[in-house]
Trainee: 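Below are the structure tokens for one structure; questions will follow.
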Amino acid sequence: MDPVSTEEIQRRLLGWFARHRRDLPFRRDRSPYRVLLTEVMSQQTAAEAVGHHLERFLVRFPDVPTLAAAAEQDVLALWQGLGYYSRARNLHRAARMMVERFGGHVPADPADLRALPGVGPYIAAAIGSFAFGRDAAAFDANAARVLARLFDLDRATPGLAESLLPHGRAADWNEAVMDLGALVCVPRAPRCALCPLADLCAGRQAGRAASLPCKPVRRPRPEVEVTTLVLRDGAGRLGLVQRPSAGLLAGMWECPSVEGGASPAEVARRHSLDLCGEVEPLPALRYTFTHRIWRVRPYRAVGHGPVRWVDAAEMRELPLGGPSARLAVAEGARIAVPK
DNA sequence: AATACGGGGAT
DNA sequence: ATCCCAGTATT
């Protein structure tokens with residue numbers, strides 16, 4: 001890329017950005033802690049879902065020391081519904097590291113940022129540029145798509161993004177590239193007629209902008225059958241168990257379940273539950289994760305055993321994993337209300 | 001270099 | 001039903 005064209009790209013895109021900038025709520029306050037939270041929450045997550053959770057999270061955990069002092073379960077509970085729960089666990093660990101090593105503040109040094117759990121190249125660059133005014137290229141999926149098309153590449157590289165950065169304007173530039181990717185240079189059907197770079201775009205000239213960047217072939221998701229007990233005690237409370245601290249829905253609570261087409265009696269045996277009376281089948285439920293599908297076969301049952309019995313109020317404080325959260329909501333009206 | 005890791009919105 | 005996303009950690 002010769003310097004004249006680079007400057008032309010920068011001039012046009014920043015000019016476009018001045019007129020079409022998205023007014024996102026989390027762009028107004030650029031304090032390092034808020035930027036960190038915003039970027040972690042935004043990762044692979046729609047902006048609309050982030051707004052609500054971000055405000056709620058900030059009320060409960062307004063600064064790094066407050067977050068560091070919290071119980072992990074409470075952090076997970078506020079993360080419920082956002083997905084990718086390792087983000088919440090890493091954020092909590094990062095807060096503790098920031099208290100121990102950086103006086104309870106988000107560090108400005110790029111190497112210190114990268115050392116925080118959950119902070120990778122993108123988030124380090126985002127914090128660097130948005131909160132600390134550094135010249136760092138935030139190479140996200142938008143940038144990868146915009147640059148692959150602009151230069152007609154199967155895949156763009158972080159180095160290319162770095163080379164286009166206008167000195168001293170990284171924050172605006174990063175947002176400009178993201179907004180172009182979100183509003184104009186969209187994945188399926190790019191709106192090239194609205195693009196300020198259309199006549200410079202090699203991918204468009206080659207007639208293959210819409211198919212860039214080249215995506216790897218996806219394997220079909222395996223389907224797993226999961227038998228689940230919607231379990232109650234004599235008082236009508238719901239019996240929940242906690243998932244392991246690693247892997248899918250790590251640390252989240254759920255109805256006692258077993259994978260692999262087990263019978264309800266087998267689920268009870270595996271969780272050391274004593275069931276009283278009949279089990280009642282509930283409508284089956286299909287739950288799609290990123291990389292697998294659960295065919296959930298829920299049964300309503302009454303019994304006792306080594307589970308955590310929760311009433312409706314307690315349930316709201318616990319982080320519930322995907323399918324069980326859905327089941328619990330469906331059962332909500334039936335769960336005992338505290339007096 | 002692949003794969004694991006959620007959930008919701010757009011098409 | 002499928003694709004995609006303000007990615008990161010692990011293997």
Side-chain angles (χ1 to χ4, degrees), chain A residues 22 24-27 30 34-54 76 79-91 93-94 113-131 136-146 155 158 161 170-171 173-183 185-191 210-224 243-252 254 286-294 319-326 329:
Chain A
R22 285 182 294 173
L24 300 174
F26 47 77
R27 280 183 174 175
R30 314 247 76 169
R34 283 193 59 128
V35 173
L36 169 62
L37 236 47
T38 296
E39 296 306 334
V40 174
M41 277 193 185
S42 300
Q43 183 184 325
Q44 303 284 294
T45 304
E48 300 73 38
V50 168
H52 170 249
H53 280 89
L54 180 66
L76 276 177
W79 210 268
Q80 184 182 323
L82 276 174
Y84 283 163
Y85 298 95
S86 66
R87 294 182 295 173
R89 302 155 61 81
N90 284 334
L91 184 63
R93 288 171 51 211
L113 281 170
R114 279 293 274 111
L116 297 173
V119 176
Y122 167 78
I123 292 182
I127 296 174
S129 62
F130 297 143
F139 188 66
D140 71 334
N142 288 300
R145 186 173 57 256
V146 168
R155 311 190 79 80
W173 176 255
N174 286 333
E175 286 186 348
V177 175
M178 287 184 214
D179 283 2
L180 189 73
L183 301 173
C185 199
V186 294
R188 314 270 187 111
R191 300 164 185 156
S211 60
L212 294 177
C214 293
K215 306 148 204 64
V217 288
R218 269 191 186 61
R219 297 253 258 296
R221 283 180 279 251
E223 296 199 12
V224 180
R243 292 182 59 85
S245 59
L248 188 64
L249 301 171
M252 309 287 283
E254 66 180 2
R286 190 181 176 81
Y287 199 93
T288 305
F289 293 97
T290 304
H291 58 295
R292 77 188 59 175
I293 295 173
W294 279 5
L320 291 197
S324 287
R326 198 179 284 180
V329 167

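In what follows, every chain begins at residue 1, and chains take the letters A, B, ... in the order their sequences are listed.
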Trainee: Taking the P atom in each of dT11(B) and dA6(C), what is the distance between them to the nearest angstrom?
Mentor: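 Comparing P positions in dT11(B) and dA6(C) gives a spacing of 13 Å.
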Trainee: Considering residues, nucleotides and ligands other than H52(A), do more than 12 of their heavy atoms fall under 6.0 Å from its NE2?
Mentor: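 For H52(A), atom NE2 is not crowded (no more than 12 foreign heavy atoms under 6.0 Å).
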Trainee: Let's see if you can work this out: which of dC5(B), dG7(C), dC5(C) has an atom nearest to the side-chain heavy atoms of D140(A)?
Mentor: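 Closest nucleotide among those given: dG7(C).
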Trainee: Looking at NZ of K215(A) and CZ of R155(A), how far apart are the two atoms once the value is rounded to the nearest 0.5 Å?
Mentor: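 Here the interatomic distance stands at 9.0 Å.
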Trainee: Would you say dC5(B) has OP1 or OP2 under 4.0 Å from some side-chain N or O of R292(A)?
Mentor: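 Checking R292(A) against dC5(B): at least one side-chain N or O falls below 4.0 Å of OP1 or OP2.
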Trainee: Taking atom types as they are modelled, would you say the side chain of T45(A) forms a donor-acceptor pair with the base of dG6(B) within the 3.5 Å cutoff?
Mentor: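 It does, because a donor-acceptor pair links the side chain of T45(A) to the base of dG6(B) below 3.5 Å.
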Trainee: OP1 or OP2 of dG7(B) less than 4.0 angstrom from a side-chain nitrogen or oxygen of Y85(A), does that happen here?
Mentor: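 So the side-chain polar atoms of Y85(A) do come within 4.0 Å of the phosphate oxygens OP1 or OP2 of dG7(B), strictly under.
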Trainee: Does dT2(C) have its OP1 or OP2 closer than 4.0 Å to a side-chain nitrogen or oxygen of R188(A)?
Mentor: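 No.
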Trainee: With hydrogens left out and only the distance checked, is there a donor-acceptor pair under 3.5 Å joining R87(A)'s side chain and the base of dA9(C)?
Mentor: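 Counting by modelled atom types and ignoring angles, no donor-acceptor contact under 3.5 Å is found here.
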Trainee: If we take the P atom in both dG9(B) and dT8(C), what is their distance in whole Å?
Mentor: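 Pairwise P distance, dG9(B) against dT8(C), rounds to 23 Å.
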Trainee: Between R145(A) and L212(A), is there a donor-acceptor pair closer than 3.5 Å when you use the side chain of the first and the backbone of the second?
Mentor: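 Side chain of R145(A) to backbone of L212(A): no pair is present.
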Trainee: Take A46(A) and N90(A), find for each the nucleotide of DNA chain C with the closest heavy atom, and name the residue whose nucleotide sits nearer the 5' end.
Mentor: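 Here A46(A) is the residue nearer the 5' end.
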Trainee: Measuring to OP1 and OP2 of dC5(B), would you say a side-chain N or O of H291(A) lies under 4.0 angstrom away?
Mentor: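 Yes, H291(A) has a side-chain N/O under 4.0 Å of OP1/OP2 on dC5(B).
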Trainee: Could you work out which one of dG6(B), dA6(C), dC5(C) sits closest to the side chain of L249(A)?
Mentor: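 Nearest to the side-chain atoms of L249(A), counting from C-beta on, is dG6(B).
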Trainee: Whole Å only: how far is the CZ atom of R219(A) from the P atom of dC3(C)?
Mentor: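 Going from R219(A) (CZ) to dC3(C) (P), I get 15 Å.
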Trainee: Want to settle it: does V119(A) or F26(A) sit nearer the 5' end of DNA chain C, counting the closest nucleotide to each?
Mentor: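 Between the two, 5'-proximity favours F26(A).
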Trainee: Select one nucleotide: of dT3(B), dT11(B), dC4(C), the one nearest the side-chain heavy atoms of R191(A).
Mentor: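 Closest nucleotide to the R191(A) side chain: dT11(B).
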Trainee: To the nearest Å, how far apart are Q43(A) CD and dC4(C) P?
Mentor: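 Nearest whole value for this atom pair: 18 Å.
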Trainee: OP1 or OP2 of dG7(C) versus the side-chain N and O atoms of Q44(A): is any pair under 4.0 Å?
Mentor: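 So the side-chain polar atoms of Q44(A) do come within 4.0 Å of the phosphate oxygens OP1 or OP2 of dG7(C), strictly under.
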Trainee: Does the ring of Y84(A) meet both stacking tests against the six-membered base ring of dG6(B): centre distance under 5.5 Å and plane angle under 30°?
Mentor: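 Taking the rule of under 5.5 Å and under 30°, the ring of Y84(A) does stack on dG6(B).
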Trainee: Check this one for me: any side-chain N or O of R218(A) less than 4.0 Å away from OP1 or OP2 of dT3(B)?
Mentor: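 The answer is no; no side-chain N or O of R218(A) sits under 4.0 Å from OP1 or OP2.
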Trainee: At under 4.0 Å between heavy atoms, what does G81(A) touch on the DNA or RNA strands: base, sugar-phosphate, or nothing?
Mentor: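 Sugar-phosphate contact only.
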